[in-house]
Amino acid sequence: MSVDDGVISVRGLAMGFGDRVVVRDLDFTVRRGDVYVVMGPSGCGKTTLLRHLLGLQEPAAGEVRYGAEPFTAAPPEVRERLLRRVGVLFQGAALWTSMTLAENVALPLEQFTALPPDAIREVVRLKLALVGLGGFEGLYPWELSGGMQKRAGLARAIALDPEILLIDEPSASLDPPTARRLDALILQLRDALGTTAVVVTHDVATILGIGTRALFLDAERGRAVAEGPPAELRTTGPPEVRAFFGGGAVPP
Ligand SMILES: Nc1ncnc2c1ncn2[C@@H]1O[C@H](COP(=O)(O)OP(=O)(O)OP(=O)(O)O)[C@@H](O)[C@H]1O
Ligand SMILES: [Mg+2]
């Protein structure tokens with residue numbers, strides 16, 4: 001991969017449902033080490049974009065690449081191989097409620113590796129410790145606070161040492177201090193594991209706090225209207241983007 005190749009490249013992507021195209025002409029590149037933010041008001045297509053990155057939805061036009069490799073046009077076995085490099089945290093953590101935290105995190109390891117049970121237990125212990133949940137192996141998701149559930153979801157997302165983490169609305173339904181701690185954890189994991197992150201959010205504090213670059217989707221126009229470092233977009237972006245950031249009312 002050359003320096004210019006993105007970890008993820010999106011070219012000419014149009015997304016829709018049936019005949020209705022929601023967003024078109026998406027072009028952006030996520031580079032190694034980025035915390036790449038996809039932002040915009042509710043309903044603008046953020047989650048839909050994540051689904052396209054995962055092949056859960058097919059584009060109306062355009063393509064997604066992982067590194068130099070085409071993803072959208074690839075056969076299922078190639079897509080599967082490319083997605084092995086990707087860890088996902090969906091909105092709401094989506095843990096199995098009938099399984100302990102350890103069992104939840106062990107699941108992808110049992111499914112995709114040939115590690116013996118002892119080694120899996122050790123990896124699970126390590127991943128839970130990495131997200132600040134060391135010692136909570138035996139608890140069930142419903143015994144945890146919202147913030148802890150998201151941490152557990154992150155532990156599961158990093159179980160297979162992904163190069164890329166896709167995270168949908170990390171701070172949704174968390175109180176601000178808990179949300180900021182989760183933001184810090186995302187940065188910590190990026191640094192400790194060398195991952196690249198794509199974070200979908202409309203939380204301005206998260207965007208300014210951890211985003212290296214951001215893409216703003218505008219539902220009304222059905223396209224991206226700005227792309228760049230969040231702090232720059234906030235001050236010099238188009239009016240709707242500045243308004244989204246609070247019209248400059250956010251202290252520097
Ligand atoms: N399965 C579907 N069928 C038809 N339209 C859909 C479907 N899922 C989403 N949409 C529409 O696509 C648009 C984008 O939805 P999406 O869930 O991607 O928005 P979002 O930016 O993630 O919003 P939020 O911030 O509320 O999570 C919305 O107008 C929504 O109504
Ligand atoms: Mg969404």
Side-chain angles (χ1 to χ4, degrees), residues 8-28 30 34-64 71-72 83 86-95 146-147 149-151 153-154 156-157 164-176 178-180 182-183 186 197-211 213-228 230 233-234 237-247 250:
I8 303 176
S9 320
V10 170
R11 294 291 173 262
L13 191 73
M15 315 189 291
F17 301 92
D19 290 339
R20 180 172 154 249
V21 172
V22 179
V23 181
R24 65 183 76 242
D25 297 331
L26 283 185
D27 273 290
F28 64 93
V30 180
D34 267 342
V35 175
Y36 195 95
V37 171
V38 177
M39 62 182 180
S42 191
C44 69
K46 303 183 295 295
T47 298
T48 304
L49 176 54
L50 269 197
R51 293 173 58 80
H52 280 76
L53 297 183
L54 289 164
L56 296 172
Q57 212 173 312
E58 298 308 314
E63 65 157 354
V64 175
F71 172 75
T72 301
L83 289 179
V86 181
V88 189
L89 176 60
F90 286 109
Q91 194 168 336
L95 297 163
Q149 287 183 15
K150 298 234 171 157
R151 285 171 184 271
L154 271 176
R156 188 179 56 187
I164 302 164
L165 265 176
L166 305 183
I167 307 173
D168 197 355
E169 303 282 5
S171 39
S173 73
L174 299 183
D175 60 83
T178 306
R180 299 296 75 78
L182 203 78
D183 290 347
I186 292 170
V198 177
V199 177
V200 161
T201 184
H202 51 231
D203 185 320
V204 169
T206 295
I207 297 165
L208 291 170
I210 67 172
R213 294 189 76 81
L215 180 78
F216 186 89
L217 299 182
D218 181 331
E220 274 163 39
R221 288 200 237 161
R223 59 186 69 231
V225 292
E227 206 265 354
L233 296 182
R234 177 180 150 225
E240 61 270 49
V241 177
R242 279 183 279 139
F244 173 82
F245 277 113
V250 188

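In listed order, ligands and their atoms are each counted from 1. Along the sequence shown, residues are numbered consecutively beginning with 1.
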Protein contact of [atom] - nearest heavy atom, named by residue and atom, plus distance:
atom	result
atom 23 (O) of ligand 1	Gly43 N, 2.8 Å
atom 26 (O) of ligand 1	Ser42 OG, 2.4 Å
atom 17 (O) of ligand 1	Thr47 CB, 3.9 Å

Subset of ligand 1 atoms that lie under 4.0 Å from at least one heavy atom of [X]:
X	answer
His202	25 (O)
Arg20	5 (N), 29 (O)
Thr48	14 (C), 15 (O), 16 (P), 18 (O)
Glu169	25 (O)

- Item | Considering all heavy atoms, the nearest Phe17-Gln57 contact |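 Looking at all heavy atoms of both residues, the closest pair is CE2-NE2, 3.2 Å.
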- Query: Between the candidates Met39, Gln91, Lys46, which shows the shortest non-hydrogen contact distance to atom 21 (O) of ligand 1?
  - Reply: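 Result: the heavy atom closest to atom 21 (O) of ligand 1 is in Lys46.
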- Go through the structure and list residues passing side-chain hydrogen bond (donor to acceptor under 3.5 Å, both in side chains) with Thr178, not counting sequence neighbours.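 So Thr178 forms a side-chain hydrogen bond (donor to acceptor under 3.5 Å, both in side chains) with Asp175.
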- Item | Atom pair NZ/CG of Lys46 and Asp168 - distance to nearest 0.5 Å |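 Going from the NZ atom of Lys46 to the CG atom of Asp168 covers 8.0 Å.
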- Message: Distance check, rounded to the nearest 0.5 Å: Ile8 atom CD1 versus Phe28 atom CZ?
- Response: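 Rounded to the nearest 0.5 Å, the CD1-CZ separation comes out at 7.0 Å.
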- Check whether any N or O atom of Gly45, backbone or side chain, sits under 3.5 Å from an N or O atom of ligand 1, and answer yes or no.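 There is such a contact, yes.
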- Item | Polar atom proximity, Phe17 to ligand 1 (N or O, under 3.5 Å) |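 Among all N and O atoms of Phe17, none is under 3.5 Å from an N or O of ligand 1.
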- What are the protein N, O or S atoms, given as residue plus atom name, that sit under 2.8 Å from the Mg ion (ligand 2)?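 As for protein N, O or S atoms lying under 2.8 Å from the Mg ion (ligand 2), they are Thr47 OG1.
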- Item | Any protein heavy atom < 4.0 Å from atom 28 (C) of ligand 1 |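 Yes, at least one protein heavy atom sits under 4.0 Å from atom 28 (C) of ligand 1.
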